[in-house]
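A short worksheet on the structure shown next.
So you know, we letter chains A, B, ... as the sequences are listed, proteins then strands, and number each from 1. Worth saying up front: this structure is predicted, and the values here are computed from it rather than measured.
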Amino acid sequence: MGNKDIIKITLNLVAICALAGVILSVTWTITNPVKLEKEAEELQAALKGLIPQADAINKAATFVSAGGKEGTIYKAVKGGKPIGYVVSAYTKGYSSFIKMLVAVDTDYRIIGIQILSEQETPGLGDNVDKKWFKDQFRGKTEDHLVVIKGETNTDIQAISGATISSRAVTNGVKAAVEALRAERAKDKAL
Amino acid sequence: MDTEKNPQEAGLFRASVGPHISSGESVPHIMWTVSAALMPAAGLSVYYFGLRALLILVVSMVSSVAFEALTQKLTGAKITAGDGSALLTGLLLGMNLPASVPFYLPIIGSAVAIIITKQLFGGLGYNIFNPALIGRAFLMASFPRFMTTWLVPHGSLSLARPDAVTGATPLGILKEEGYDKLLSHFAGRHDMYVQLLLGHRGGAMGETGVIALLFGAAYLLYKGYITWHIPVTFIATVAVLTAVFGGDPWLAILSGGLVLGAFFMATDYVTVPQLKKAQVAFGLGCGIITVLIRLEGGYPEGVCYAILLMNCFTPLLDRAFKAKKFGEAPVK
Amino acid sequence: MAADPAESAGDITDMFKDLFTIFIASAIINNFVFTRYLGLCIFFGVSKKMETALGMSMTFTAVMVISAALSWLVYNLVMLPLHIEFLRIVLFIGIVAGFVQFADTMLKKLNPTLYYKLGIYLVLITTNCIILAVPVINSDEKYNFLQSVTLGLGSGAGFSLALIIMASIRERLELANVPKPFQGMPIAFIVTGLIALAFLGFSGLITI
Amino acid sequence: MRITSFKGGVHPPDNKKATASLPIVDAKLPERVVIPMSMHIGAPAKPVVGVGDAVKKGQKIGEAQGAVSVPVHASISGKVIAVGNFPSPMGADAQAVVIESDGKDEWADDLTGHEDYLSLNPDVLRNIIKEAGIVGMGGATFPAHVKLSPPKEKKIKYAILNGAECEPYLTADARLMEEIPGDIIEGLKIIMTILRVTDGFVGIEDNKKAAIKAMTAEAGKVACELVVDTYYERDGIQYDVPKGCRMGVRVVPLPVKYPQGSEKQLIKAVTGLEVPPGHLPMDVGAVVQNVATAAAIYQAVRFGRPLIERVLTVTGPGINEPKNLRVRIGTLFEDIISQCGGINRKAAKVVMGGPMMGVAQASLGVPVIKGASGIVALSEKEAVNVMDFGPCIRCGRCIDVCPMGLNPSVLGQLIEKGRFEEAKEYGLMDCFECGSCSFVCPSGRPMVQFIKWAKRELAKKKAKAS
Amino acid sequence: MAFFLPLPSTGEGLGEGELQQAVLHPDLLNVVLKSLAFMGGIGAVFGLGLAYAAKKFAVKTDPKVQAVRDVLPGANCGACGFAGCQGYAEAVVGDPKVSPGLCTPGKADVAALVAKITGKAAPEVIPMVATVFCRGDECKAGRRFRYEGVRDCRAAILVAGGDKTCVYGCLGYGTCENACPFRAISMGADKLPVIDRDKCTACGVCVAACPKSIIHLTPSAKKVHILCSSHDKGPAVKKACEIGCIGCGLCSKGCPEGAISMDNNLAVIDYALCTHCETCVLLCPQRTIKDMLDPAKEQAERIKLPKKEPQARAAGER
Amino acid sequence: MAVSYKKLILNGIFSENPVFRLALSLCPAVAVTTSVRNGFLMGIAVLCVMTMVNITVSILRNLINPKVRIPAYILIIATYVSITDMVMSAYSRAAYKEMGLYIQLIVVFAIIISRAELFASKNKVLPSAVDGFGMGLGFLGALVLVGAVRELIGKGSIAGIHLTGGNPLLIMVLPTGGFFVIGLLMGLFNWIDQKYYGGRPGGVGGGHH
Ligand SMILES: Cc1cc2nc3c(=O)[nH]c(=O)nc-3n(C[C@H](O)[C@H](O)[C@H](O)COP(=O)(O)O)c2cc1C
Ligand SMILES: Cc1cc2nc3c(=O)[nH]c(=O)nc-3n(C[C@H](O)[C@H](O)[C@H](O)COP(=O)(O)O)c2cc1C
Ligand SMILES: Cc1cc2nc3c(=O)[nH]c(=O)nc-3n(C[C@H](O)[C@H](O)[C@H](O)COP(=O)(O)O)c2cc1C
Ligand SMILES: Cc1cc2nc3c(=O)[nH]c(=O)nc-3n(C[C@H](O)[C@H](O)[C@H](O)CO)c2cc1C
Ligand code: SF4
Ligand code: SF4
Ligand code: SF4
Ligand code: SF4
Ligand code: FES
């Protein structure tokens with residue numbers, strides 16, 4: 001094998017790489033905007049789903065959430081006046097980080113929560129995405145963000161067999177509200 | 001050649017390679033003895049948890065033996081379901097369940113224990129994992145709700161599923177609510193130890209009567225059917241580590257399934273290392289994992305998983321430790 | 001690269017704690033094979049004999065660490081600045097394939113004995129999920145260089161542990177009377193299922 | 001003064017009561033004997049007589065073939081009526097000479113003894129022992145003269161007589177020690193002379209009090225006969241051979257457990273030394289002979305009598321009148337048993353030797369050979385049936401009892417799957433087939449059969465390869 | 001301490017933050033160029049590296065070995081005398097003295113292919129088949145004692161040489177059945193092995209496995225066999241077995257081709273001379289000689305033989 | 001090589017089924033098959049990638065230098081996988097979220113490279129396409145089957161339709177259950193094979209070639 005072969009082999013590989021690069025960059029240029037747009041749409045839909053009466057919900061601040069991940073605070077505005085906030089935050093669950101949206105009114109009363117992603121045990125932990133569980137948070141203040149095993153009307157009832165996940169979400173909500181409080185204390189304009 | 005010289009007119013001699021006599025020990029004898037040694041504890045759990053407990057145990061044992069016979073028939077193997085090993089597996093599985101579970105749980109558990117864990121590997125002697133514990137872990141993963149609903153000792157004769165009266169296990173309370181709460185639950189430290197020893201507390205059927213378990217274990221030790229190596233290292237490791245991490249070592253020993261696990265399940269010949277040195281390592285590993293799970297894990301109790309995890313290492317331990325051959329320089 | 005809390009704190013012990021956690025998590029608690037169900041093809045393929053399992057373990061761990069390092073370098077120093085993250089799959093697997101081919105050629109010449117021992121495993125590595133999963137996690141989690149390499153090392157060690165356990169079990173199974181239809185791969189699956197069941201004991205090993 | 005014995009071992013019921021106190025009696029002169037040419041380890045002897053030849057008692061009828069072989073002698077006087085293949089108690093048929101008695105029982109004329117035997121040259125002694133056809137009578141039938149000819153570089157320090165008789169049922173050696181301790185000790189002195197050692201030992205299991213007593217008394221005499229001091233200490237034990245003695249013989253009571261009589265285990269118990277795997281006793285400076293062998297050596301050297309008879313125990317539930325008999329080599333089992341009241345319906349299995357290591361017999365038409373220490377007829381109930389043995393439950397009992405520190409459980413399982421080579425890595429070759437493992441196995445696994453089988457297959461393979 | 005590893009995932013995120021203009025509306029040309037440069041660079045680096053390595057560290061391998069390996073059956077039975085198929089492939093390519101026809105299971109076809117690849121002359125291969133030289137089943141030869149132990153012929157001979165009345169006869173514990181890598185042997189109801197002549201590849205594994213050495217490879221075209229291995233004298237044979245060769249020599253004398261000779265009380269056929277005339281089959285008083293040409297006749301003959309209960313030779317049950 | 005297309009496809013589905021026979025590409029078979037739907041989606045993704053890769057490799061087979069064959073094939077696979085990944089992320093977001101990482105891992109599935117290497121690099125375009133399609137179909141079938149069993153036992157439903165009440169065996173939708181189901185199915189197939197077709201014991205392979 002001579003030097004010519006080396007060049008040939010190299011060119012061979014370079015050609016394939018280049019071809020792949022071109023194809024992929026073209027595909028990406030086409031698909032990525034679509035993907036981002038859809039993501040944005042989904043986010044807006046999720047945010048709007050929590051505070052439907054808002055005119056606009058926009059990003060207002062970021063903070064460090066569980067596991068060093070970035071949390072975001074969105075401000076919901078109606079008629080130019082803030083009517084509430086949506087906090088996107090992480091919480092450490094049973095077997096994964098649970099990512100969720102927590103909607104709060106200006107008095108820090110929970111409006112609702114949304115689970116964005118989790119990888120808890122199917123059939124157990126993933127029941128945190130069940131409507132009855134999430135609905136419990138509506139109208140709660142921080143004092144009542146306590147997990148109870150068994151029936152409760154005032155606090156948060158644990159999903160049976162998944163107390164850890166239940167507690168994780170509840171604590172996550174609490175942490176989100178606290179983070180919002182802290183950010184608002186820092187940034188009066190918020 | 002001359003073959004007509006047969007002096008024994010009645011028939012043919014028997015012949016085999018030696019030895020021609022034996023100690024008379026047999027597998028069924030061992031298995032039935034171990035089952036018998038569990039009877040005091042089983043009796044105690046029936047006393048505490050009522051007739052229902054008895055029925056769960058019976059269902060578990062009968063279904064284990066039935067599954068054993070069934071699979072052996074299907075695979076065309078010799079049917080040895082009466083040798084007591086399946087019965088023992090069923091008994092231990094039953095003792096690992098709360099008395100409140102529905103009756104189909106022990107049946108599913110036995111199916112997993114006997115068919116998947118034992119017979120698919122070739123039956124007695126070949127399984128890698130402790131069948132009863134796999135049965136329990138399987139049920140735990142499948143029906144966590146049933147498996148963590150504990151009965152308060154009540155001695156009822158009713159067979160209905162008493163779903164209202166549930167009580168937490170000591171370790172559950174410890175994990176969820178802390179040591180002080182546990183003490184108040186038992187009205188004092190001394191009372192707690194006594195209650196735990198007598199088994200008057202929530203838990204799986206076989207876990208509760210520590211004193212009865214120790215009684216049976218002592219008998220097995222005396223008969224030489226089990227040796228001290230695994231149980232003692234296992235329990236000592238748990239006690240010491242618990243103390244090191246600031247826990248109550250006596251509570252650690254008396255609560256959970258430690259005594260049952262250490263004396264009756266971590267000693268199952270088939271699934272633990274053969275050599276005494278390796279057995280000590282096995283017990284040590286069991287102890288460390290148990291404490292890790294109890295202190296840090298998602299479960300309040302770790303004995304079952306600790307034994308199963310160490311079962312994974314049994315073939316490796318068997319390889320790692322070799323007996324000293326006669327005449328060989330001692331191995332370090 | 002992104003800010004990392006341990007790094008920015010600048011605390012050496014914290015950093016080691018963090019690295020240790022990553023190592024233990026990836027090697028034991030969240031073992032890729034038994035709790036993440038990755039790398040199964042090779043896991044089943046080479047765990048029949050202890051000898052091959054050991055060979056694969058060494059080879060795999062080495063390749064794992066090197067490719068984690070290389071991937072991190074190229075990804076963080078070239079791709080991120082250029083905004084061409086979308087090429088990362090191609091790049092990660094390309095690095096592994098290229099490196100493996102390179103090592104294969106070299107080893108064959110330089111140390112034939114080692115090649116006959118380990119060479120066959122080299123080729124297999126390119127078709128192992130873990131080899132791709134690790135750089136993907138590293139980029140997803142925005143791990144720094146040391147963390148990435150630790151994850152590579154931990155994953156390699158974890159895979160080795162899984163292989164060695166499995167090989168010892170399968171060698172013992174050769175003495176067992178497994179029913180004919182279940183001999184070989186089926187019983188290996190059942191064993192892995194049972195080990196995974198045991199590893200559930202580690203699940204939730206987190207503080208709350 | 002007990003020394004630690006070996007690790008492991010088992011305690012089978014000893015069942016020696018029936019014959020322990022029965023004196024040795026001479027068996028009736030057989031009408032016909034079948035004398036196999038191979039009663040020893042090594043090449044079979046070659047017949048030197050033909051059909052029709054008249055022979056006398058003690059006359060050589062088979063010539064040794066090679067170094068590890070011994071000649072064979074007529075055990076009665078009479079006429080050779082056949083030379084050919086006949087059933088042997090060791091298994092397959094083997095070449096044998098059949099002699100019909102003339103009833104005269106005359107000794108051959110050329111047998112000469114030596115009055116002053118201890119002053120003979122060792123080489124002369126060895127030759128006498130060889131020519132007398134003496135092999136180990138403890139069961140292994142290894143030619144005694146070979147054992148007594150260690151290579152020069154091996155310094156022998158201990159001559160040990162094996163009076164352990166750890167097999168259940170057997171009492172022949174114990175009776176010998178009680179009845180003719182003098183012969184045995186003289187034999188030992190000859191052995192010590194040949195090997196030029198000063199330290200003689202007799203190991204006897206502690207349950208044979210009478211034998212220990214008789215032998216101790218006899219050994220004491222040795223100490224007083226000869227000159228030169230020997231004081232020494234070994235392993236914390238003081239051995240003080242009385243002043244003025246050159247040779248010392250010490251009787252060592254041994255813990256009662258099987259296989260205490262096995263060579264390596266005996267050496268360990270007596271001297272504290274362990275013979276390393278793959279090595280011979282002489283590598284630690286020891287030579288072990290059975291007590292009966294020693295007595296036979298004395299007989300050969302002193303009176304010139306070749307090995308033509310031996311003492312054996314005929315016992316077991318299947319024998320009507322258990323006895324300790326002195327029988328001619330070549331006597332058929334059936335003839336012997338008929339002198340013991342015959343065999344009864346209880347007998348399910350007839351074993352040559354003890355029930356642990358003995359060889360089960362297909363029929364009683366087999367002759368007594370030099371290594372036959374007993375005939376035991378076991379009952380249906382006590383003879384273990386290994387036909388439907390179960391799988392190993394890994395209980396580890398066999399590992400605990402194996403006196404060689406092997407793992408019989410793994411050996412058995414490997415061999416069961418035909419993996420002989422791997423069994424070798426687990427120490428297959430170090431197993432001396434004592435059967436302790438099978439004895440304790442709750443699954444009744446025939447480990448000894450597995451092991452013998454594997455050794456045979458490996459030997460076959462090796463023979464094929466070379 | 002939290003031993004907790006995140007699962008890698010891509011599907012997790014909702015696009016957050018302001019969408020960068022550049023990312024949302026990428027400049028196609030810019031992206032393509034960057035990718036092209038990057039991928040080209042990567043390709044060049046790897047290409048050069050690999051090509052250089054391939055040159056610098058080139059090792060010669062013989063493709064013939066693989067080719068031979070591909071045509072071999074891959075049973076690793078060892079009939080060729082090498083360590084498995086790979087061993088034979090290496091030897092036959094590397095060593096000019098190794099014949100291409102050593103793979104018995106492969107028969108002539110494989111021999112021809114191997115010969116072609118290695119450029120050696122194709123050897124002549126006479127197709128062979130395994131034949132069991134014993135007909136002393138449970139009815140015709142009995143047991144001397146009740147054997148107890150491992151059910152394997154090689155283990156059974158450890159006890160007094162085997163329990164069959166005939167010391168040369170088949171023990172019937174099926175070692176050959178288990179040994180045959182091609183599953184060509186099954187133990188018949190009469191405890192004698194039956195060889196499936198279609199499945200048998202003449203690998204010889206059973207021949208080596210049988211401790212009584214009573215399986216032999218015979219030319220598969222030849223179908224008259226003297227199925228006895230006993231070298232005992234006539235009376236002894238008669239006592240031990242009904243169907244054994246008593247060494248009377250009638251067949252030897254009667255064979256028109258002179259194909260049968262007597263070897264130490266046992267008649268042996270020289271297959272090279274046998275012409276299937278069947279004279280011997282009719283002559284043999286013990287019916288030891290089996291004619292496989294006409295199985296129906298053989299069957300009829302078997303039925304004619306008086307049947308006895310198993311162990312009839314033994315002195316009855318206890 | 002004379003090939004019957006039907007045989008090629010049947011080959012992929014039965015005698016050389018990637019999961020049950022060749023024991024390749026097992027991770028997704030265990031991890032994503034918690035339901036019929038997931039198994040189906042994954043199978044489709046693999047089917048597409050495989051067919052395209054085989055076609056591409058077959059077209060380029062004479063242009064690629066044997067010295068860089070493996071890296072080149074992997075590049076081709078990676079390209080197709082990336083395309084699938086991007087397209088799914090843009091146009092099939094729900095499925096993409098569930099498949100998560102495993103779409104990217106298609107790159108390393110041994111079955112794809114092994115078909116490229118063993119078949120497509122030696123055959124014309126059409127047979128290669130059919131081979132890839134057949135293998136993909138076999139993979140798809142296996143995943144759907146495993147998914148169906150697990151969904152039925154673990155959730156009491158099939159393809160999302162509820163069939164049984166009561167408490168399902170939760171463990172079956174955990175990956176642990178995946179191992180059991182595949183192991184038991186493999187054993188079952190072997191048993192059928194041995195009983196009715198006289199197959200070899202331990203019929204399933206598990207090699208990488
Ligand atoms: C396989 C398995 C998966 C589990 N997954 C979860 C989970 O996703 N979330 C959770 O909180 N607990 C999970 N658990 C933990 C137990 O169910 C634990 O006992 C429970 O969280 C305690 O809740 P309880 O107090 O209601 O019993 C899981 C347990 C097992 C065996
Ligand atoms: C090949 C071989 C050579 C032997 N050589 C000697 C020897 O030179 N000296 C000796 O004392 N014993 C020798 N022996 C005998 C053994 O040490 C041992 O005494 C004999 O095998 C019987 O012992 P056992 O009854 O404990 O099995 C030899 C044995 C064998 C098999
Ligand atoms: C398990 C076992 C037990 C033995 N028991 C005795 C015994 O009790 N008495 C005895 O003299 N030899 C016994 N032997 C034989 C001895 O190992 C050794 O061969 C013999 O003592 C040497 O003496 P010999 O060559 O004079 O027979 C036993 C051997 C074995 C393997
Ligand atoms: C001391 C002892 C302990 C045993 N422990 C168990 C056990 O924990 N679980 C079980 O299923 N079987 C147990 N067995 C029974 C038996 O060994 C078990 O069924 C085998 O694992 C089946 O191969 C035990 C047997 C003995 C002798
Ligand atoms: S393995 Fe050999 S030496 Fe050990 S106990 Fe068994 S028979 Fe005796
Ligand atoms: S004594 Fe028997 S069952 Fe126990 S380990 Fe040994 S061989 Fe196995
Ligand atoms: S032919 Fe040989 S191996 Fe086969 S059953 Fe008969 S004796 Fe056994
Ligand atoms: S019958 Fe014998 S020669 Fe024929 S294939 Fe089987 S083992 Fe080989
Ligand atoms: S799919 Fe093969 S290793 Fe993951």
Interatomic spacing from [atom1] in [X] to [atom2] in [Y] - rounded to 0.5 Å:
X	Y	atom1	atom2	value
Thr126(C)	Ile70(F)	OG1	CD1	6.5 Å
Phe109(F)	Asn128(C)	CZ	CG	11.5 Å
Leu87(C)	Thr79(F)	CG	OG1	9.0 Å
Met86(F)	Phe86(C)	CE	CZ	5.5 Å
Gln101(C)	Ile74(F)	CD	CD1	9.0 Å

Minimum heavy-atom distance [X]-[Y], with the two atoms named:
X	Y	value
Ser82(F)	Val90(C)	OG-CG2, 3.7 Å
Phe179(F)	Phe189(C)	CB-O, 3.5 Å
Gly183(F)	Phe182(C)	O-CE2, 3.9 Å
Cys41(C)	Leu24(F)	SG-C, 3.8 Å
Gln194(F)	Pro181(C)	OE1-N, 3.8 Å
Cys27(F)	Gly39(C)	SG-N, 3.1 Å

Name the region of Phe43(C), side chain, backbone, both or neither, that has any atom closer than 4.5 Å to a heavy atom of chain F. neither
Where on Ile195(C) is there a heavy atom nearer than 4.5 Å to chain F: the side chain, the backbone, both, or neither? neither
Check each atom of Leu184(F) against the heavy atoms of chain C and say whether the ones under 4.5 Å are side chain, backbone, both or neither. both
Leu105(F) versus chain C, heavy atoms under 4.5 Å apart: side chain, backbone, both or neither? both
Among Ile190(C), Leu197(C), Val178(C), single out the residue with the greatest number of heavy-atom pairs under 4.5 Å to chain F. Ile190(C)
Max heavy-atom pair count under 4.5 Å with chain F, selected residue of Leu132(C), Val33(C), Leu40(C): Leu40(C)
Does any part of the side chain of [Y], heavy atoms only, come nearer than 4.5 Å to the side chain of [X], both counted from C-beta?
X	Y	value
Phe34(C)	Thr176(F)	no
Leu200(C)	Leu174(F)	yes
Val107(F)	Phe92(C)	no

Does atom CZ (Phe99(C)) have a neighbourhood of more than 12 heavy atoms from anything else shown, all under 6.0 Å? yes
